[in-house]
Amino acid sequence: MIPPTTPATLPGQPHIAYRNGKLFAEDVSLADLAREYGTPLFVYSKASMLAALAAYQRGFAGRDAQICYAMKANSSLGVLQVFAQAGCGFDIVSGGELARVLAAGGDAARIIFSGVGKTRSEMRQALDAGIGCFNVESEAELEVLNDVALAAKRTARVSIRVNPNVDPKTHPYISTGLKGNKFGVAHERALGAYRRAAALPGLQVVGIDCHIGSQITDATPYLDAMERVLDLVEAVEAAGIAIEHIDFGGGLGIDYRGEAPPPADALWAQLLARLDARGFGRRRLMIEPGRSLVGNAGVCVAEVLYLKPGEEKNFCIIDAAMNDLPRPAMYQAFHQIVPVAPRDAGTVASPSWDVVGPVCESGDWIGRDRALAVQPGDLLAVLSAGAYCMSMASNYNARGRAAEVLVDGAQASLIRRRESAADQMRGENLLA
Ligand code: LLP
């Protein structure tokens, strides 16, 4: 049900708020942006991104730390530029992501390259760019990276991603640090992998890393993983192999529907206390947050096309779909959906709607059983849409990908124009 007086600030959305009954991103009205650029439209708040980053920066104040934005969360060039200008490094997982960081002005030396399936050509591209570190995920990858580095007459700086076998208690598709996951080198095999890496002439061991999953809202799995990783650092160093940096993987979860993850600085106060206690507090520390830096900085504005009341379900059909917002279809994820300009309570009926898109799949839903007072032509904002939405968007049903706007105070910049049919067909050939 729409609250009679809409709250000034929405949960988890400090810079996305109602002003006089209209939803704004910082000082820009979302309705004005929708009129100018059309819908569906992603809108991001730069202040929100920088505020999220500042919480990590406060957490690491006085330490030798590097924050590498996990750009898979949102790899649009304008977003990357914000983090590059703020001094971030980047966690990449493909040659395409590497090209994007470089195009956005990111510093190659602060790039770390994760992923279980790096190809030889991606390795070569990253070596030529001079990236900071390869996060190697298997013994087989060590051998291939060594070959590629020797052939390129370069040395690859490596960290081994260890799988700490810790349950992050999140959705199974985004848990990555359990024994049954494809990621990382098993804890028991890690020392052997380090010995091998240290013996390969094309590699230089520089670090250790782990990543246990995403949308984690509790400190315990981080603490457990940290203890396991530190045990390994001790074992590896006892074998005479120095570890310069320790990388703890992705960042915190965010508030989609009342989740209350600890603030980044509070989490790191706890983790640093443990690191200090074990004598590792002065090591170079790295993290790879994605979702928590951009998730609640973004919304997707969509227009209500049709209302379709039915016997069992009422459908509110909007112009954004699973190709724009894939998380509900993929993970049954929840995104809050609010009107851009709420109608006065009681002026239209507000039954419970299933908010769905135009894609020809029953899995194309964005929100289920939402009490909304809406009419065709109204604008809705799908909240917490800054992470893993545009970066996972597709052209399914030959739908062009949405436009994106980045707001900074009263200024709105179009950082990606709406994809046209011609854009979509570029690169295809008709048969002779
Ligand atoms: N580092 C590595 C090696 C990762 O695999 C990931 C995310 C991150 C960092 C960033 O984690 P974050 O700070 O965002 O939690 N598409 C899913 C999320 C997949 C996350 C995969 N790895 C979703 O929409 O929920």
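In each ligand, atom 1 is the first atom listed, and ligand 1 is the first ligand listed. What's counted below: heavy atoms across the whole structure, side chains too, no hydrogens, waters or symmetry copies. Note that the structure is a prediction, hence the values are computed from the model and not measured.
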Check your understanding: What do you reckon, does Ser292 have a nitrogen or oxygen under 3.5 Å from a nitrogen or oxygen of ligand 1?
Key ->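 N/O-N/O distance below 3.5 Å does not exist for this pair.
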
Check your understanding: Hey, is ligand 1 close enough to Ser114 that some N/O pair sits below 3.5 Å?
Key ->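 No: no nitrogen or oxygen of Ser114 is under 3.5 Å from one in ligand 1.
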
Exercise for review: Between Met71, Glu288, Met330, flag the one that comes closest to atom 2 (C) of ligand 1 by a heavy atom.
Suggested key: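 Minimum heavy-atom distance to atom 2 (C) of ligand 1 goes to Glu288.
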
Against heavy atoms of [X], which atoms of ligand 1 measure under 4.0 Å?
| X | value |
| --- | --- |
| Ser214 | 11 (O), 12 (P), 14 (O), 15 (O), 20 (C) |
| Gly251 | 12 (P), 13 (O), 15 (O) |
| Pro289 | 13 (O) |
| Ala70 | 8 (C), 9 (C), 10 (C) |
| Arg291 | 12 (P), 13 (O), 14 (O), 18 (C), 23 (C), 25 (O) |
| Gly290 | 12 (P), 13 (O), 14 (O) |
| Arg161 | 3 (C) |

Practice item. Could you point out which residue of Pro326, Ser76, Ser75 forms a side chain to side chain contact (heavy atoms under 4.5 Å, CB included) with Ser391? Key: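 Among Pro326, Ser76, Ser75, the one that satisfies the side chain to side chain contact (heavy atoms under 4.5 Å, CB included) with Ser391 is Ser75.
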
Point to revise | Within residues 257-271 or reaching into it, pairs that qualify as side chain to side chain donor-acceptor pair (under 3.5 Å) - sequence neighbours excluded | key: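 Checked against side chain to side chain donor-acceptor pair (under 3.5 Å) - neighbours excluded - the pairs reaching residues 257-271 are Arg58-Asp265.
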
Which part of [X] is near ligand 1, with near meaning a heavy atom under 4.0 Å away: side chain, backbone, both or neither?
| X | answer |
| --- | --- |
| Phe183 | neither |
| Asp91 | side chain |
| His211 | side chain |

Review point. Between Arg161 and Asp247, is the closest basic N to carboxylate O distance under 4.0 Å?
Key: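 No salt bridge links Asp247 with Arg161.
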
Review point. Do NZ/NE/NH1/NH2 and the carboxylate oxygens of Arg120 and Glu141 come within less than 4.0 Å?
Key: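 Salt bridge absent between Arg120 and Glu141.
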
Practice item. For Tyr256 and Arg291, test the side chains for any donor-to-acceptor distance below 3.5 angstrom and give the result as yes or no. Key: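 The answer is yes; a qualifying pair exists.
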
**Study point:** Check against side-chain hydrogen bond (donor to acceptor under 3.5 Å, both in side chains), His335 and Arg327
**Key:** CA-CA 9 Å; His335 286 265; Arg327 305 189 65 256; 3.2 Å; yes

Check your understanding: Any donor-acceptor pair under 3.5 Å linking the side chain of Arg110 with the backbone of Gly132?
Key ->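 The answer is no, because no donor-acceptor pair under 3.5 Å joins these two groups.
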
Review point. What residues form a salt bridge (charged side-chain N to carboxylate O under 4.0 Å, His left out) with Glu227, not counting sequence neighbours?
Key: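 If we apply the salt bridge (charged side-chain N to carboxylate O under 4.0 Å, His left out) test to Glu227, skipping adjacent residues, the hits are Arg274, Arg278.
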
Check your understanding: Is there a heavy atom of Ala73 sitting under 4.0 angstrom from any atom of ligand 1?
Key ->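 No; Ala73 lies far enough from ligand 1 that no heavy-atom distance drops under 4.0 Å.
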
